[in-house]
Number of protein chains: 2
Amino acid sequence: MATIKDVARRAQVSTATVSYVLNGTGTVSDATRARVLAAVAELGYQPNYSARALRTRSHTIGVVAPGIASRLADPATAEILAGLSEAATAAGYCLLIAAPTDSEAEGELDLRLARSGRVDGLILFDLHIDDERPALLTNAHIPTIAIGAPTNGVACPIVGFDLRAGAEQATQHLIRLGHRRIALLTVPSDLSISEPFYAGYVTALHAAGLRRDATLVIEAGTSEDDGVAAMQELLAARTPPTAVLAATDTLAFGAMHALRDSGKVVGQDVSVMGCDDLPLAAHTYPPLTTLRAPRRELGATLARHLIGLIERRTVPPVTLLPVRLIVRHSTAAPRAAG
Amino acid sequence: MATIKDVARRAQVSTATVSYVLNGTGTVSDATRARVLAAVAELGYQPNYSARALRTRSHTIGVVAPGIASRLADPATAEILAGLSEAATAAGYCLLIAAPTDSEAEGELDLRLARSGRVDGLILFDLHIDDERPALLTNAHIPTIAIGAPTNGVACPIVGFDLRAGAEQATQHLIRLGHRRIALLTVPSDLSISEPFYAGYVTALHAAGLRRDATLVIEAGTSEDDGVAAMQELLAARTPPTAVLAATDTLAFGAMHALRDSGKVVGQDVSVMGCDDLPLAAHTYPPLTTLRAPRRELGATLARHLIGLIERRTVPPVTLLPVRLIVRHSTAAPRAAG
DNA sequence: ATATTTTGCTTAACCGATTAACCGCTTAAA
DNA sequence: TTTAAGCGGTTAATCGGTTAAGCAAAATAT
C-alpha cells in the first residue's frame, strides 16, 4: 500500500507538502498541487486512517448497545441507527457499534472506547432515571448525547421525542371519540421516557374535566407479553376501560392480542393506541392508531449534536422532536357511547 | 490522559516492558509485572487505540449499508448486526457502520475503508448476481465475506441460509395440507437468494408429482406493496392459487393484506407462508406460518468467518445455516379439498 | 571451570501521518 | 534604501504505541 512518502517521492516534494495539499492547509502553488494530486491518483494513494487519527481525532461516533438484551435487534433502534449513520457519514464520521459483555458493562465499555481514543464521542441509548453514564462520561470530558426525556439534572445534552405532547394528543383523540375510561400502559418507571408520557395523559384528562383513575394506570414492562399481562389485568377489573393508550407500539400489540384472545374486537369493543409507529403498526389487524416518532430524524439530530459537541460548538441541552398522531383502525367510538 | 511513558516511568521500567506486560508477550518477571500492573491501575491507563492500530491491525469489521435504501432500518438486518456485534466484541473486534453517499458508492466506500486501514475486513449485504464487490475486494487482498446464496464463482466466502431446503420444506408443508395450486412470490431475480428459493419450490412440486405452472410464479419486489400487487395479480387469474409461498415475510404480509382487502380469509380461503420469521410474523392476524432464519447465528457466523480470514485461517467457501418450519395459523387445508 | 543458553530487561527503529518552526526568495511598505 | 510581510516550500519533532536487536546477569550444560 502506498504511503505519503511514496507520493512525496513521486511528486518530488516533501511529505509535509503532500499533507498540506490533501488537507487544504498551508500555501501550495498550483503547479505543485497538480503534481501531488497526479501522484496521488497514479499510486491510488489512500491516507492511513490510524496514522491520521493518532495525530488528530478518530472521527468516529460510538454506540454501545447490548445485542442480547435485544436493544440492537429492535426495529426502532435500527431506524435510529440508519439516521445516525447517514448523518455521521455525511459529516465525515463513522459509526462504531460495540456490545457490552459479562466482563465489561456498558458504562465501562463507553469509557474504554472514549479513553482509548477509539471514538470521539458517544450516544447513550435507554437513558434511565439516575443513570450514572452521563455524569461519568461528561466528568471525563467525553462528548456525550443521550436519547430520552429530560429528567432532572442529566449531565449531558439530550435528544428525544416530545412524548408529553404526544401522549396528550393521543389521549385527546380518545376523549373526542367519546371515551371516558381510558387506561394507560406505561413502560417501567425507571426509564426516562416514562414520566413525560404519563404527564401528557394526565394533562389531557384534566383538560377534559376527567379524573385520573389509578386502577387504570398500569406499569407494564417493555415486551409484548408485558402488554398481554397488563391488558388481562385491566379486563379482570369490575369496570374495564373502553380505551387503552400504550406507551409503545409493542405494548399495544400485546394489548390487542389479549383483547382478541378474550373475544373482544379491537376498535369496536375496546380502542387501542400505541406510540412509535413501528413499520408493523400499519400491518396488524386492525391497523394500529399510534403516534409517529421520527426515528430517522432523531438519529440525524443525535449525530449533528454529538459532532457539534466534539467540534466544540454549543448544542442545546434538550431537543424534543414532535410526534404526530396517525389514526388507523384500532380506535373508534366506544360501543355503548355514554 | 496517561500514556505508556507515564506508566513506564512510574513502574521504573521501559515502555517496551509495559507493552510486553500488557500484551502478554516477551519475558517479564513476576515482580516487574506486578509493578507495571500497579502503575497501570493507579494511573487508570488506557492504551491509545490509534497508536496500537498503526503498528498492528485495526481490529474492526466494516459494514457498508445504505441507510435510506432501508437496508439498515430493516428489522432483519438489525438482528444480524446484533449477532455480528456480539461475536465481534467477544473476539476483540468492533463493528464499523458506514453509509454510502451520492458521491461515494458502496464498493468505493468498502475499498476506502479497507485501504485506509480503518477496517480489517468487510461484510457484504445484499449480494447480487454478478456483484462486482467480492472480486473487487478479494483482488485487493481485503478479507471479505458475503451474505447470500452461492452463485457461480463468487470471489469470496459466503454465509447464508439454506433457502433451497427451506423452500422445499415449506412447499411440502402446503402439499401435505392438500394444496395443489401453490403460487410462489419471489424477490427480484438479480438477488442471489432468489434462485435457490425457486429451486426448492420446484423440487418439492416435482417430488409430489405436480407440474410447475408458470403463471403461479411471480417475481415481486421486496416491499410489502410489492406483495400486495403480486397477490392482486394472482387473484385476478382465472383459477387463483389456494396457497401462496412468499420468499420473505414482508411479501407475505402484503399478500395477506391483499387477500383481506378482497374479502378472503387468510388460512381458510387461501393459505399464506413467508420466510424469515420476523418478530412481527407471530403477531399478524392470523399469525404467519413461515420459515425461521437464524439471523443472530448468521451474524455470529459471519463474524467468526471474517475474523478467521483476517487472522489468516482457512474458512469454508460456503456455509448455509438451516431454516426451520414454524407452523402458525395462516396455513390450513384448502377449502374445497381435492 | 568454562561455554552455552536462558532470563529479564533496555535501546531504538518503526508504523504513517500532521504541523510547528524555519528558510530563502519575492514583493510591498515605510 | 531599508524593513517587513508574504509566498512556497523543507526539516524535523511529534502522536503513542510495538517489536527486533542487543546486552548483562543468572542458570544450565559440558
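Residue numbering restarts at 1 for every chain, and letters A, B, ... go by the order of the sequence lines.
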I want to verify a distance call: between dT10(C), dG16(D), dG9(D), whose nearest atom is closest to the Thr17(A) side chain?
dG9(D)

Can a donor-acceptor pair under 3.5 Å be found between the side-chain atoms of Tyr45(A) and the base atoms of dA17(C)?
no

Could you state the CZ-P distance from Arg9(B) to dG17(D), rounded to the nearest angstrom?
12 Å

Starting at atom NE2 of His59(A), determine the distance to atom P of dA17(C), rounded to an integer number of angstrom.
15 Å

Examine the side chains of Ser50(A) and Arg52(B) and answer whether a donor and an acceptor come within less than 3.5 Å of each other.
no

Measure from CZ on Arg118(B) to C1' on dG16(C) and round the result to the nearest Å.
16 Å

What nucleic acid atoms does Thr32(A) come within less than 4.0 Å of, heavy atoms only: base, sugar-phosphate, or nothing?
sugar-phosphate

Atom CD1 of Ile142(A) and atom CG of Leu111(A): how far apart are they, to the nearest 0.5 Å?
5.0 Å

Taking atom C1' of dT10(D) as reference, at what distance in whole Å does atom NZ of Lys5(A) sit?
15 Å

Whether over 12 other heavy atoms sit under 6.0 Å from Asp130(B) CG:
no

If you look at every heavy atom in Leu113(A) and Ala98(A), which pair is closest and at what distance?
CD1-CB, 4.1 Å

Shortest non-hydrogen separation from Asp126(A) to Arg133(A) and the atoms involved:
O-NH2, 3.3 Å

Using the closest heavy atom to pick a nucleotide of DNA chain C for each, name whichever of Arg33(B) or Ala51(B) lands nearer the 5' end.
Arg33(B)

Quick one, which residues of residues 24-31 of chain A touch DNA chain D with a heavy atom under 4.0 Å?
Thr27(A), Val28(A), Ser29(A)

Check the surroundings of atom CD in Gln12(A): do more than 12 heavy atoms from other residues, nucleotides or ligands lie under 6.0 Å from it?
no

By the 4.0 Å heavy-atom rule, please label Ser14(A) as base, sugar-phosphate, or nothing.
base

Could you tell me the separation between the CD1 atom of Ile4(A) and the P atom of dC14(C), rounded to a whole number of Å?
18 Å

Donor-acceptor pair under 3.5 Å: do we get one between Tyr20(B)'s side chain and the base of dA20(D)?
yes

Most 5' of Leu54(B) and Arg35(B) on DNA chain C, judged by nearest nucleotide
Arg35(B)

Side chain to side chain, Ile97(A) and Leu81(B), heavy atoms closer than 4.5 Å:
no

Between CZ of Arg52(B) and P of dG16(C) the distance, given in whole Å, is 18 Å

If the cut-off is 4.0 Å, is Thr3(B) near the phosphate of dG16(D), judged by side-chain N/O to OP1 or OP2?
no

Take a 6.0 Å sphere around CZ of Arg313(B) and say whether it holds more than 12 heavy atoms from other residues, nucleotides or ligands.
yes

Identify whether any heavy atom of Val18(A) sits under 4.0 Å from a base atom; if not, whether one sits that close to sugar-phosphate; answer base, sugar-phosphate or nothing.
nothing

Rounding to an integer number of Å, can you tell me how far Asn48(B) CG sits from dG16(D) P?
6 Å

Below 4.0 Å: OP1/OP2 of dG17(D) and any side-chain N or O of Arg55(B)
no

Can you figure out which of dT10(D), dT18(D), dT19(D) approaches the side chain of Val13(A) most closely?
dT10(D)

Taking atom types as modelled and ignoring hydrogens, do the side chains of Thr15(A) and Tyr20(A) form a donor-acceptor contact shorter than 3.5 angstrom?
no

Rounded distance in Å - CZ (Arg115(A)) to C1' (dG16(D)):
15 Å

Work out how much the helix from dA1(C)-dT30(D) to dA30(C)-dT1(D) bends between its end axes, five pairs an end, to the nearest 10 degrees.
40°

Under a 3.5 Å threshold, yes or no: a donor from one side chain and an acceptor from the other, between Tyr93(A) and Arg57(A)?
yes

Let me confirm one number: the CG-SG distance from Leu127(A) to Cys156(A), rounded to the nearest 0.5 Å.
7.0 Å

Give a yes/no on whether any side-chain N or O of Asn23(B) is located under 4.0 angstrom from OP1 or OP2 of dT18(D).
yes

dT18(C), OP1 or OP2 - any side-chain N/O from Tyr49(A) closer than 4.0 Å?
no

